[in-house]
Visitor: 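Okay, here's the structure, questions in a sec.
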Amino acid sequence: MSAAAWICLLLPLASAIAITVAGTAIPRRVAGWISTATTAGAFVAAVVAFADMWSKAPQSRGQVTTSWTWLSAGPYHFGLSLLVDQLSIVMMLIVSGVGALIVAYSVGYMDGDDEERRYFAYMSLFVFSMLLLVEGGNLLLLLAGWGMVGLSSYLLIGYHQDRPSAIAAAKKAFVMNAFGDATMALALFLLIQHTGSLDYRAVFAASPHSGGVANLIALGLLGGAVAKSAQLPLHTWLPDAMEGPTPVSALIHAATMVTAGVYLIVRCHPLFEHAYVIQDLAAGLGAATLLMAGLIALVQTDIKRVIAYSTMSQIGYMFVGAGLGAYPNAMFHLMTHAFFKALLFLAAGIAIHAIASEQDIRKLAGIGKLMPFTRTVFLIGSLALVGVFPFAGFFSKDSILAAALQRGWYGDVIYAAGLAGAFLTGVYTFRLFFIVFTGEPSAFAREHFHRHHGKEGPSWMLAPVAALALLSCIGGFLQFSPVWHPFSDWLAPAAGSLADPTNTQEWLTSAAALAIGLAGIGVAWAIYGAKRVAAPRAWPVLQQKFYWDELYDVLWYRTGDLAARGLYALVETPLIGGSIAAVTGAFGLGSKELSLAQTGLVRSYALALAGGLAVLAVVFLAAR
Amino acid sequence: MHHWLTTILIVFPVASALLVAIAPFSTYWLGSLAALASLIEVGFWITAASKFDFGSSQLQFSQRASWFRDLHVSWHVGQYAFSLWFVGMTVVVMAACTIYGWWVGRDRGRAYFALMLVLTGAIVGVFTSQDLLLFYAFFEAMLIPLYVLIGVWGGPDRMRATITFVVYTVVGSLLMLASIVVFGLQQGTFDLTKMSTSSSTWLFLGFVVAFAIKSPLFPLHGWLPITYRESSPEVSAVLSGVVGKAGLYGLLRIAIPYFPQPVHDWRVVMLVLGSASLVYGSLLAFRAPDFRGVVMYSSLAQAGLIVLGLFAHNSLGFDGAVLQIVNHALVSASLFLVAGMVERRTSTGEFSKLGGMARGRPALATVIMVAGVISLAVPLSTSFAGEFLILAGAFQQGWGWAVVGAVGIVLAAMYMLRAISGVLHQDVGPAVSDRATDLRLGELAIVVPLLLCLLGLSAWPNLISGHATTTSSDAGAWTRYAP
C-alpha cells in the first residue's frame, strides 16, 4: 500500500521533470501523452492502494511511512512522510482520476499551441503538488503541498504570458494564497510551541483542548483554507483565475485545488473541534459565500466566470458541511462536485474551442443546435449542479443542509441560506444553459463555428467529457443518506460525522431543496428560456462583485505601494543615500581640486554614518 | 593529512592567484586556469565534507602555528559543522562567479582572475579562523580585492560606489579592530577556542555595528544600493552571496557566543533591527525599478530575517539561520548572475524597458522562474524550510516577530513575482530585440549547477539544518561555541 502511494505521488513529478529536461527533444504531442500516461498511472497506483486498504480491518487502514527526515532543528524533527488512510485515499482517487481525464482532454484542447510542453509540465507539477497535499503525513508537508499547488496554479493561470490580464490574475492568486499560507504557518508555529511536533497524531493528541490558543490555531488554519478555497473574504482571485486555459479551470479551479480548504478542515477536524467558535465561523463564511457568489453569478456574461462563481458557491456548501461537523457529507459533495463541475468546464471548453475562443455568452447564444452533444452533457452537468434527482448533486448537497438542522438557531439560519442558495443555483445555472444552448444560434456563432473532422471536437476532448457525464449521472448513488451510506461508513474511522440528522429531516430537506431548485429553473426558463432576454439587467453592486477588489486594492496594494514610496522618498533617499547626493555634488564642484573633494567626501560619509548611528541609538533607547 | 584541509582551502586559491599573476598565458588561458583552480577548490571542499565527522562537536581539520608569541596570536584555523557549510557555499559561489568572469571575458584578465582567487582564499579564511586577529586580517584581506574589483571593473559610476563602500567598511573595520584588541587584551589571548565570555556591552556593540554594516542591516545599508548596481554582476553576486554573510557569521561565531549577557539585554533591539530590515527591504524591493534593485533589497530583507533567527535564542532559529544563509548565498548569486545575463542582452535591467523575454527563450525563462520562486520561498523549497525554522524560532520569542516575518513572506511574493513578470512576461520591452538569444550552453553551465544545489537542498534541507550543530536540545544552543 505504501509503495503504491509513493508511486502515485512520484509519477507526476517524474513526468514534470522529464518534460522540462527533454525540452524540444520530444514532439509537443508526446509531452501530452507522457503527462496523461503518468497521471493515469498515478490513478492506477491509487486504486491499488485502495484495494489493499479495502482488504484490511477498518481500524488498521491508516498507515504512515517516512522516507527520510526532511527538516530538523534541535529536538524538532519533520519527516518526509506519507499518510494513507480512508480520507487521503478518497482524495487521491479524485485527484488522479479526474486529473487523468482532464489532462487527456488537454491533449485535444491544447493541440497546436506552440508551448504545449510547458503546459503539460505545469499540469504534471500540479498533480504532484496536489497529491503531496493530500498524502503528506504531517502538517509541514501539507503546507508544502499547499504552497506548491499555489505555485502551479500561478504558473497555469499565467500560462498566456503575453496577456497582461493573465499575468495580473496569476500574481493576484499567488499573493492572496501567500497570505493564506502565512496564517497557516503561524498556526503551525503555535502547534510547534505547544506540542513540539507537526505529525497529525501527535498534534491531535497534544494540542490544547480549549481556550484562546486552540481558537488561534484553528483560525490560522481557516485562513489558509478560505484563501485556497476562495471563500469570503479571500475569494477575489478565483474569478480572475479564469484567465488560464479551460482545462486548468476545470482541474485546479473547480475539481481539486480549490476544494483543498475542505480537505484541510476535515483532515484537521480534531483541532477545529477544540475551537467550536472557529468551526461556526467556517460554516458561516461558507453560507455567506454561497449566497454572495450565487448572486454575482446571476449577472456574469463570461461563461467561465459564471461557472467559477458557481464553484465558489458550491464550496460554500462544503464549508457549511465541514464547519457543522458533517465531514463525510462535505467530502461526498467534494467528490460529486469534482465530477459535475469538471464536466461543466470541459463542456464549456468544447464550445469555446469550437467557436473562436469566445467566452461571452451573448456571442455564444444558441449554439445548442450546432453542438447537440455538448448541449446534452452541459444539461447533465447543470442538472447535477442544481441537485435534480437522479443526478449527483441531489445526493450530496441536500445531506449537508440536513446536518444544519441539528445546530439550534445558528443552524437554522445557515439552513435557510443554503435553501436560498439552491434557488439561486437553479436560476444562474439555467440562465446560462438557456442563453447558450437553446434558441437560434447567434450570427457570431454561425460564422465562427467549425467542426473538427465532422465532430464537435477531437476525440481526446469528447471521451473524457462523456466519462465525466456518466459519473455525474451515477456518481451520486454511492450514498443516499436516509437509506444507505457506505461513503460515510468508509470515512468514519478517519473523520466520523458529528451531525446525525433524523431520516425525516433528510427526506424533508431533499424534497424542499429539489422543489426550490426546480423553482429556480422555472424562473430562469420564464426569463431566459421563454422570452430570450439576451443581456441581463444588473445592479451595479453585483456587477462590481460587492466591491471586494476595490477594498483590497486600497487596503493592501495601495497601502504597500504608498509605504514603499514614502520610505523611498523620506528615508532611503535623504537619510541613507543623502550622503551620496552630497558626494556627487562634491565631485561636480571639486573635480579639479581633488584633495578638497576627498575631504568633502569623507566628511559627508562620516556624517551619514553618524546619522545612521544616531538612528540606531534612538532605536536602542526606545526599545529598551 | 586531514588537519591540513582547512589550510589548503585557504592557501590553494591564493597560490593559484600567484600563479595566474605570473603565468605567461593569454587572458583566455589565464581565465581557464582560474576556473580550473576554483573547481579544484570545490573538490577540496567536497573532500572535507566527506571526511567531516558530524557526530562530533569538536573543531575539525584544525591547525595551529604560533604567529606573534608575545600577544598569543596564532595561525589557528579549523571548521565546526556550520563553518563547513559557510565554506561550501563560498567555494561554490566563487567558482560560479569566477567562471562567469571567464565566460564574459573580463578585460585585464590577469589582475581580475588573481583578485577573484585571492578573494576566495580570504573569505574561506574569515569563515575558518579561530583566532580573532587572524579573523580580522582575513576580514580586511577580503575587502581589498573587492575595492579593486568594484573600482576597476564596475559600471560608469564605479568610483563613487567604491568610495562609498570603502568608507562604510573602514568605519566598520575600525570599530571591530578596537573591539578585538580590547577583548583580546582583556582575555590575554586572541584564540577563540581559549577565550571565555565577556559581559561588556561596549565590546558587544562594537562587534555588532561592524557586522551590521557588513550584513547589511537597516539603517547601516547605505553602501548597498550604489555598490550592488555599479559592480559587475558577478561581483554583486559575491558581495550579496558570500561577503555579506561574513557579517552574519561574525554575529553567529563571535557576538552571540562570547557575549551572553549583552545578547540577552539587547536581544529585543536586534530583533527590532532584523524586523525593520525585513520589512523595509521588502517594501523597497517592491518599488525598485530594476532587476538588480529587487535582488539587492531582497538581500537586505533576507539579512534581517536571518538576524531574527540568530537572535531567536533557540535551536530552531539557529539551525534555520545557518540553512537560510546557505540558501540565500546560492539564490542571490544565481539571481545576480542571471541579471547580468539579461543585461548583456538588453544593456539594461530596468523593468520599464524589459518584458516578454520568456517567448522563444525557454531556458532563460525556466532559470529565472526557478531562481525566483525559490527566492520567494515557495513551500517545499529549501528557502521555505529555512524561513519556516527561523520564524518558528522567532515565534517562541514572541508571536509578534513571527507575524512580521509572515508579512515579509507575503511581500516577498509580491516583489519577486513583479520582478519575474517584469523581465519575462507581458509585452516585449523596447530594449528586448529579437536578436537577444536564449541562454547559451556556457551560461547554463554556470547557473544550472547553483540551481541544482538549491533543488537538491529542497529535497533534503536537513542536510544543513540537521548537520549544523551537534546537540539535539535547546540547552546550550546559545553559547555552544564558547568554552
Side-chain angles (χ1 to χ4, degrees), chain A residues 20 23 68-76 118 132 140 143-148 151 158 161-162 164 167 171 174-175 178-179 181-183 185-186 188-190 192-193 560-561 563-565 567-568 572 575-577 579-580 583-584 587 601-602 605 608-609 612-613 615-616 619-620 623-624, chain B residues 160 163-164 167-168 171 209 219-222 225-226 268-269 272-273 280 283-284 286-287 314-316 319-320 356 358-359 362 366 373 378-380 384-385 388-389 391-392 395-396 402-403 406-407 409-411 413-414 417-418 421 424-427 460-462 465-466 471-474 477:
Chain A
T20 309
W68 60 73
T69 302
W70 190 65
L71 189 62
S72 73
Y76 306 96
R118 186 161 61 85
L132 179 69
L140 188 63
L143 180 58
W146 204 259
M148 286 294 286
L151 172 68
Q161 296 174 327
D162 36 12
I167 293 298
K171 287 197 279 193
F174 194 98
V175 171
F179 185 82
D181 295 353
T183 68
L186 289 172
L188 263 51
F189 299 154
L190 262 175
I192 291 177
Q193 193 175 27
D561 195 53
R565 279 172 199 274
L567 284 177
Y568 191 77
E572 184 75 359
L575 292 181
I576 311 287
S579 53
I580 295 170
V583 173
T584 324
F587 258 118
L601 276 172
V602 175
Y605 277 111
L609 272 168
L613 287 172
V615 172
L616 213 55
V619 174
F620 282 161
R624 286 199 77 179
Chain B
R160 208 157 57 91
I163 291 165
T164 318
V167 172
Y168 266 95
V171 170
V209 171
L220 297 173
H221 65 281
I226 184 167
V268 173
V269 177
V272 167
L273 284 179
Y280 184 87
L283 283 171
L284 287 193
F286 184 58
R287 286 300 318 159
N314 50 39
S315 56
L316 284 168
D319 291 346
R359 183 157 288 274
T366 308
V373 298
V378 69
L380 199 66
F384 162 75
F388 186 86
L389 288 181
L391 294 181
F395 189 89
Q396 306 203 345
V403 170
V407 171
I409 291 177
V410 181
L411 289 173
M414 287 169 68
L417 294 185
R418 169 175 169 269
S421 293
L424 293 182
H425 299 151
Q426 300 173 7
D427 299 333
W460 196 35
N462 199 43
S465 76
T471 56
S472 59
S473 77
D474 267 2

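Note that the coordinates shown come from a computational prediction; the quantities given were computed from them, not determined experimentally. Here is how names work: the chains are called A, B, and so on, in the same order as the sequence lines, proteins then strands, and each is numbered from 1.
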Visitor: Between Leu190(A) and chain B, which part of the residue has a heavy atom less than 4.5 Å away: side chain, backbone, both or neither?
Guide: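 Both backbone and side chain of Leu190(A) come within 4.5 Å of chain B.
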Visitor: Against chain A, work out which of Leu391(B), Ile409(B), Val378(B) has the most heavy-atom pairs shorter than 4.5 Å and name it.
Guide: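 Among Leu391(B), Ile409(B), Val378(B), the one with the most close pairs to chain A is Leu391(B).
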Visitor: Compare every heavy atom of Gly466(B) with every heavy atom of Ser72(A), then report the nearest pair and how far apart it is.
Guide: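 Between these two residues, the closest heavy atoms are OG-CA, 3.5 Å.
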Visitor: At their closest point, which heavy atom of Asn462(B) faces which heavy atom of Thr69(A), and how far apart are they?
Guide: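 Reported closest heavy-atom pair: CB-O, 3.4 Å.
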Visitor: Which bit of Pro461(B) comes within less than 4.5 Å of chain A, counting heavy atoms only: side chain, backbone, both or neither?
Guide: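 For Pro461(B), backbone and side chain are both near chain A.
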Visitor: Determine, step by step, whether Leu188(A) and Phe388(B) satisfy the side-chain contact (heavy atoms from CB on, under 4.5 Å) criterion, reporting the C-alpha distance in whole Å, the side-chain angles of both residues, the deciding distance to 0.1 Å, and the verdict.
Guide: CA-CA 9 Å; Leu188(A) 263 51; Phe388(B) 186 86; 3.9 Å; yes
Visitor: Where does Arg118(A) contact chain B at under 4.5 Å (heavy atoms): side chain, backbone, both or neither?
Guide: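 The answer is neither part of Arg118(A).
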Visitor: Could you check if a side-chain atom of Val373(B) sits within less than 4.5 angstrom of a side-chain atom of Leu151(A), using non-hydrogen atoms only?
Guide: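 Touching, per the 4.5 Å side-chain cut-off.
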Visitor: Tell me, with the steps shown, if Phe384(B) and Asp181(A) meet side-chain contact (heavy atoms from CB on, under 4.5 Å).
Guide: CA-CA 11 Å; Phe384(B) 162 75; Asp181(A) 295 353; over 6 Å; no
Visitor: Heavy-atom cut-off 4.5 Å, strictly under: side chain, backbone, both or neither for Trp70(A) against chain B?
Guide: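 Both backbone and side chain.
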Visitor: Which atoms of Leu424(B) come close to chain A, meaning under 4.5 Å heavy atom to heavy atom: side chain ones, backbone ones, both, or neither?
Guide: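 No part of it gets close to chain A.
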Visitor: Of all heavy-atom pairs between Pro164(A) and Gln426(B), which one has the smallest distance, and what is that distance?
Guide: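 Closest approach of Pro164(A) to Gln426(B): CA-CG, 3.9 Å.
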Visitor: Taking salt bridge (Lys or Arg N to Asp or Glu O under 4.0 Å) as the test, write out the residues that go with Arg418(B), two or more places apart.
Guide: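 In terms of salt bridge (Lys or Arg N to Asp or Glu O under 4.0 Å), with neighbours along the sequence ignored, Arg418(B) is linked to no residue.
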Visitor: Could you check whether any side-chain heavy atom of Asp319(B) comes within less than 4.5 Å of a side-chain heavy atom of Tyr76(A), counting everything from C-beta outward?
Guide: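 The answer is no; the side chains never approach within 4.5 Å.
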Visitor: Give, as side chain, backbone, both or neither, the part of Leu389(B) having an atom under 4.5 angstrom from any heavy atom of chain A.
Guide: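 Leu389(B) touches chain A through side-chain heavy atoms alone.
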Visitor: Which atom pair, heavy atoms only, marks the closest approach of Ser315(B) to Pro75(A)?
Guide: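 What the structure gives for the nearest pair is OG-CD, 3.5 Å.
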